[in-house]
Amino acid sequence: MDMKYVPTTCPYCGCGCGFNLVVQDKKVVGVAPWHRSPVNEGKLCPKGNYAYEFVNSPDRLTKPLIKKDGKFVEASWDEAYKLIVSKFKSYKGDEMACLSSARVSNEENYLMQKFARAVLKTPNIDHCARLCHASTVVGLAGAFGSGAMTNSIGDIGESKCIFVIGSNTFEQHPLIGRQIMLAKQRGAKVIVADPRFTPTAKQADLYMPFYSGTDVAILNCIMQQIIKNGWEDKEFIAKRTKDYDKFKEVVMKDTYSLENVSKISGIPAKDLATAAEWIGKAESSNVLYSMGITQHTVGVDNVKSTANLQMLTGNLGKRGGGVCALRGQNNVQGACDMGALANVYSGYQSVIVPEMRKKMIDAWGCDIAEGKVGLTVTKLINTLADQPGTIKCVYIMGENPMISDPDLHHVEKGLKNVEFMVVQDIFMTETAELANVVLPGACYAERDGTQTSTERRVQKWRKAQDPPGEAKADWQIICELGKVMGYEKQFPFKSAEEIFTEVAKVTPSYGGMDYTRLEKPEALHWPCPTKEHPGTPILHKEKFSHPDGLGIFTPIEFKYPAEVPDKDYPLILTTGRCIWQWHTGTMTRRSENLEREEPTGWVEINPEDAKALDIKDKEMVRAVTRRGQIDIGARVTKDIKKGEVFIPFHYAECAANLLTNNALDPVAAIPEFKACAVRLEKIAEAK
Ligand SMILES: Nc1nc2c(c(=O)[nH]1)N[C@H]1C(S)=C(S)[C@@H](COP(=O)(O)OP(=O)(O)OC[C@H]3O[C@@H](n4cnc5c(=O)[nH]c(N)nc54)[C@H](O)[C@@H]3O)O[C@H]1N2
Ligand SMILES: Nc1nc2c(c(=O)[nH]1)N[C@H]1C(S)=C(S)[C@@H](COP(=O)(O)OP(=O)(O)OC[C@H]3O[C@@H](n4cnc5c(=O)[nH]c(N)nc54)[C@H](O)[C@@H]3O)O[C@H]1N2
Ligand code: SF4
Ligand SMILES: [Mo]
């Protein structure tokens with residue numbers, strides 16, 4: 001028997017844990033600990049442990065498929081490419097759009113945006129970061145000049161006070177949750193603010209349940225208390241920041257008094273005061289946040305408020321401090337870094353700055369898309385649905401918007417308006433079903449590449465087995481398409497490493513990296529501009545990334561979500577995830593050990609609300625919003641605040657996104673997944 005261990009990086013969340021893939025007779029059969037990974041030291045969460053199970057699933061895509069008379073028929077790669085090229089060449093750049101993927105490697109994201117901009121000449125390239133941390137990228141770049149998590153994962157364990165707001169860290173970033181426990185053992189105080197009493201909240205020293213969408217009020221109130229008590233870091237404010245007075249004027253308003261914010265948020269005034277005292281007096285304090293902060297029409301305001309708090313208390317550029325924006329997907333950080341965003345090339349080089357565009361034209365040796373901001377994922381879907389005929393052709397790699405985007409009836413209408421759609425995935429998804437051509441991709445275990453975790457650590461994937469059937473690595477498919485489109489010179493790559501060499505050349509923050517340096521288990525954190533540079537685990541140590549080196553305070557007023565409860569829809573609906581499932585379920589629902597734990601969706605409802613509606617635990621109920629309705633089992637539990645319900649979005653059979661609101665943050669264009677108005681009905685009574 002031929003057996004080997006191949007060390008690689010987990011394909012699920014942004015923690016970036018390392019593990020060994022166990023390969024037997026050339027097939028991946030298991031996962032074993034890789035103790036040398038400094039991120040997780042051999043420990044894994046359930047998804048990491050079972051990350052081998054979907055790899056050899058019998059329904060992996062193995063051949064290109066072309067839709068003929070409404071049915072998919074197997075085709076050769078040549079046939080598929082021929083059809084795609086004839087169609088791609090028939091549209092103008094502005095009539096096309098590409099979606100890249102936080103599931104695939106840096107190299108592949110780089111190539112996808114290059115393909116969109118250099119081959120299709122379209123500015124329309126984006127990916128699911130738009131649904132996730134778009135508000136972080138905008139908000140933290142505004143405050144600090146750089147839109148990434150400021151500190152490293154290991155650093156969280158060193159903090160003296162951890163304030164978790166809008167992150168269910170123990171379920172969604174379990175190996176970062178481990179750092180919270182380490183900090184706690186070392187004496188840190190842990191504060192969790194969440195509408196749900198999550199497994200994370202259960203470990204808190206202070207838990208503050210509140211109504212979804214009231215984060216700005218809460219953060220302003222805490223900051224008002226800090227200022228009133230003189231706990232702010234006056235030296236840090238004076239030396240390293242600007243616009244403090246304008247900011248102070250707003251937070252000191254009566255609106256943000258303990259009493260008033262207690263009414264707005266539902267948190268007792270004494271708890272808000274305690275939180276302010278713990279944060280204000282701690283030697284070091286960090287903020288951990290994720291989707292509870294970002295997925296709102298005020299997502300950017302929320303993010304900037306966390307930045308305000310950390311500047312106010314001088315908790316930036318030091319150990320145990322920071323704004324820890326926990327990036328979600330394995331490579332969402334990298335997909336952003338690589339320029340798979342509507343407004344930037346790789347390294348956040350703006351498409352509207354003529355010198356940046358010139359730099360890319362010179363590097364790629366061809367004309368490229370006009371220097372204007374393209375359509376974001378959310379605006380693309382709106383354009384498809386509401387202005388049919390504007391965008392005619394869409395190429396989607398590794399995304400499943402038919403389950404993951406808000407207001408699915410609207411998404412379906414939009415995607416059905418597309419004349420020609422190509423989907424590149426590892427499984428037949430709800431989105432792929434609507435495509436004209438489906439291309440079979442290799443999965444993480446079947447190729448080399450790099451991915452960048454939430455702490456900006458660039459780590460390797462190492463190939464452990466061949467892809468099934470005729471499936472190919474995403475980078476290989478894009479290169480072949482580039483060539484048949486006539487761009488041989490731009491897509492000459494024979495390996496992921498060759499692509500990385502080009503990435504390093506044109507992306508200043510990755511400039512000093514290469515495959516040899518990344519081979520070490522600890523890899524490298526960007527920015528790493530030169531070959532001698534050791535990488536940067538903590539950002540903003542001496543100065544911020546703005547040209548004048550200063551951090552910027554922003555005055556922010558509280559606004560309610562776009563849709564608030566009323567007589568017809570009297571409850572707040574919030575949505576999210578559970579530990580066992582991953583997003584649209586394409587991988588975890590094919591994993592026996594994970595699927596068994598939570599095989600379908602549910603709606604969490606507080607016992608008092610359930611009683612008023614005569615709803616019993618486990619009873620099927622109907623959830624109705626202005627956008628749609630689903631039938632779903634009730635989970636009656638005190639773990640959710642009265643007045644609010646929660647539905648996980650993993651399950652096609654009771655898809656939460658049939659209900660959600662696609663109202664967008666005006667700057668970041670992220671949808672309000674975390675708050676809309678809903679009504680629950682007993683099914684027997686529902687018409
Ligand atoms: N098992 C698993 N892990 C994952 C994922 C997965 O699908 N499954 N997805 C990954 C991805 S891409 C991401 S982005 C992360 C997301 O990670 P998280 O953001 O931690 O996950 P969510 O469940 O979306 O939401 C987090 C918490 O926000 C709370 N919340 C709801 N409304 C509000 C609000 O108005 N304000 C605040 N402050 N909190 C609110 C919810 O109750 C929930 O507990 O997880 C990553 N990890
Ligand atoms: N209601 C609600 N909706 C949400 C959220 C929420 O909190 N609430 N969260 C949002 C967030 S934060 C996110 S990140 C999005 C996620 O949204 P999506 O990215 O659409 O969700 P995934 O299920 O991760 O889809 C990834 C696709 O990539 C495919 N894939 C996996 N590996 C590979 C590969 O190597 N190559 C190729 N070509 N394909 C591959 C998978 O099979 C899957 O179809 O969902 C968003 N939607
Ligand atoms: S914490 Fe995240 S990266 Fe680590 S094993 Fe779990 S899913 Fe994978
Ligand atoms: Mo995400």
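Start at 1 and go down the list; that is how both ligands and their atoms are numbered.
Geometrically, ligand 2 and Gln329 share a nitrogen or oxygen pair separated by less than 3.5 Å. Taking only nitrogen or oxygen atoms, main chain and side chain alike, Lys47 reaches within less than 3.5 Å of ligand 1. Residue Thr660 has no N or O atom closer than 3.5 Å to an N or O atom of ligand 2. Ligand 2 has no N or O atom lying under 3.5 Å from any N or O atom of Phe673, backbone or side chain. Checking only distances, Thr586 does come within under 3.5 Å of ligand 2, N or O to N or O.
Between Glu672 and Pro406 there is no side-chain heavy-atom pair separated by less than 4.5 Å. Glu430 is listed as a side-chain neighbour of Asn400, based on a closest heavy-atom distance under 4.5 Å. Met208 is listed as a side-chain neighbour of Ile191, based on a closest heavy-atom distance under 4.5 Å. At least one side-chain heavy atom of Ile647 sits less than 4.5 Å from a side-chain heavy atom of Ile630. Between Glu455 and Ile156, the closest side-chain pair of non-hydrogen atoms is not below 4.5 Å. In this structure, the side chains of Arg60 and Pro440 stay at 4.5 Å or more apart for every pair of heavy atoms.
Ring geometry for Phe197 against Tyr207 counts as tilted: the plane angle lies between 30° and 60°, on a 0 to 90° scale. Taking the six-membered ring where the residue is Trp, Trp582 and Tyr12 present tilted rings, their angle falling between 30° and 60°.
The single protein non-hydrogen atom nearest to atom 4 (C) of ligand 1 is Trp582 CZ3, 3.1 Å, given as residue, atom name and distance. Ranking protein heavy atoms by distance to atom 31 (C) of ligand 1, first place goes to Thr574 OG1, 3.1 Å. Distance from atom 38 (N) of ligand 2 to its nearest protein heavy atom, with residue and atom name: Asp474 OD1, 2.9 Å. Nearest non-hydrogen protein atom to atom 25 (O) of ligand 2 is Asn400 N, 3.9 Å. The protein heavy-atom contact nearest to atom 10 (C) of ligand 2 is Gln295 NE2, 3.4 Å. The protein heavy atom nearest to atom 11 (C) of ligand 2 is Arg577 NH2, 3.3 Å. For atom 34 (C) of ligand 1, the nearest non-hydrogen atom of the protein is Gly292 O, 3.4 Å. Of all protein heavy atoms, the one lying nearest to atom 16 (C) of ligand 2 is His583 ND1, 3.4 Å. Scanning the protein heavy atoms around atom 13 (C) of ligand 1, the nearest turns out to be Gly328 CA, 3.2 Å. Annotation: atom 39 (N) of ligand 2 to nearest protein heavy atom, Gly398 CA, 3.4 Å.
Residue Met291 has at least one heavy-atom neighbour below 4.0 Å for each of these atoms of ligand 2: 12 (S). Close approach to Lys674 involves these atoms of ligand 2, each under 4.0 Å from a residue heavy atom: 7 (O). Of all atoms in ligand 2, numbered sequentially from 1 with element shown, those under 4.0 Å from a heavy atom of Cys128 are 14 (S), 19 (O). Near Ser212, with a cut-off below 4.0 Å to any heavy atom, the atoms of ligand 1 are 31 (C), 32 (N), 33 (C), 34 (C), 35 (O). Each of the following atoms of ligand 2 lies closer than 4.0 Å to a heavy atom of Ser404: 3 (N), 4 (C), 17 (O), 18 (P), 20 (O), 45 (O), 46 (C), 47 (N). For ligand 2, the atoms sitting less than 4.0 Å from at least one non-hydrogen atom of Arg103 are 24 (O), 26 (C), 28 (O), 31 (C), 32 (N), numbered in the order shown with element in parentheses. Near Met587, meaning under 4.0 Å from one of its heavy atoms, ligand 2 places the atoms 31 (C). Remark: ligand 2 atoms within the under-4.0 Å shell around heavy atoms of Thr429 are 44 (O). Set against the non-hydrogen atoms of Thr584, the atoms of ligand 2 under 4.0 Å away are 21 (O), 22 (P), 23 (O). Interface of Ser167 with ligand 1, defined as ligand atoms under 4.0 Å from a residue heavy atom, comprises 20 (O).
Looking at His133 against ligand 1, nothing comes within 4.0 Å, counting heavy atoms. Looking at Ser290 against ligand 1, both its backbone and its side chain come within 4.0 Å, counting heavy atoms. Residue contacts with ligand 1 for Ala675 are absent, since no atom lies close enough (heavy atoms, distance under 4.0 Å). Contact annotation: for Asp425 versus ligand 2, heavy atoms closer than 4.0 Å belong to both the backbone and the side chain. Residue-level proximity to ligand 1 for Cys132 is carried by the side chain, the only part with a heavy atom below 4.0 angstrom. Residue contacts with ligand 1 for Asn168 involve both N, CA, C or O and side-chain atoms from C-beta outward (heavy atoms, distance under 4.0 Å). Under 4.0 Å from ligand 1, the heavy atoms of Gln581 that appear belong solely to its backbone. By the criterion of a heavy-atom distance under 4.0 Å, the side chain of Arg447, and not its backbone, is placed next to ligand 2. When non-hydrogen atoms are compared, ligand 2 lies under 4.0 Å from neither the backbone nor the side chain of Thr431. By the criterion of a heavy-atom distance under 4.0 Å, neither the backbone nor the side chain of Tyr289 is placed next to ligand 1. At a heavy-atom distance under 4.0 Å, no atom of Pro406 approaches ligand 2.
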Practice prompt. Determine, stepwise, if the pair Tyr289 / His133 fulfils side chain to side chain contact (heavy atoms under 4.5 Å, CB included).
Written response: CA-CA 10 Å; Tyr289 78 76; His133 272 289; 4.0 Å; yes
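Considering only non-hydrogen atoms, atom 15 (C) of ligand 2 lies nearest to Leu131 out of Leu131, Val332, Asp407. Of the candidates Glu171, Gln172, Glu598, it is Gln172 that places a heavy atom closest to atom 46 (C) of ligand 1. Scanning Tyr444, Phe427, Phe649 for the heavy atom closest to atom 6 (C) of ligand 2 points to Phe649.
Using a 4.0 Å heavy-atom cutoff, Cys578 is listed among the residues neighbouring ligand 1. Pro11 does not count as a contact of ligand 2, since none of its heavy atoms falls under 4.0 Å from the ligand. Not a single heavy atom of Arg327 sits closer than 4.0 Å to an atom of ligand 1.
Residue pairs satisfying the salt bridge (Lys or Arg N to Asp or Glu O under 4.0 Å) criterion with at least one member in residues 578-592, sequence neighbours excluded, are listed as follows: Asp59-Arg590, Arg589-Glu595, Arg589-Glu653.
With Tyr211 as the aromatic partner, Lys641 meets the cation-pi criteria of under 6.0 angstrom to the ring centre and within 45 degrees of the ring axis. Note that Lys472 lies in the cation-pi zone of Trp77, set by a 6.0 Å cut-off to the ring centre and a 45° limit from the axis.
Ring centroids of Tyr651 and Phe649 are separated by 6.0 Å or more, keeping the two rings apart.
Thr575 approaches Phe673 most closely through the heavy-atom pair OG1-O, 2.8 Å.
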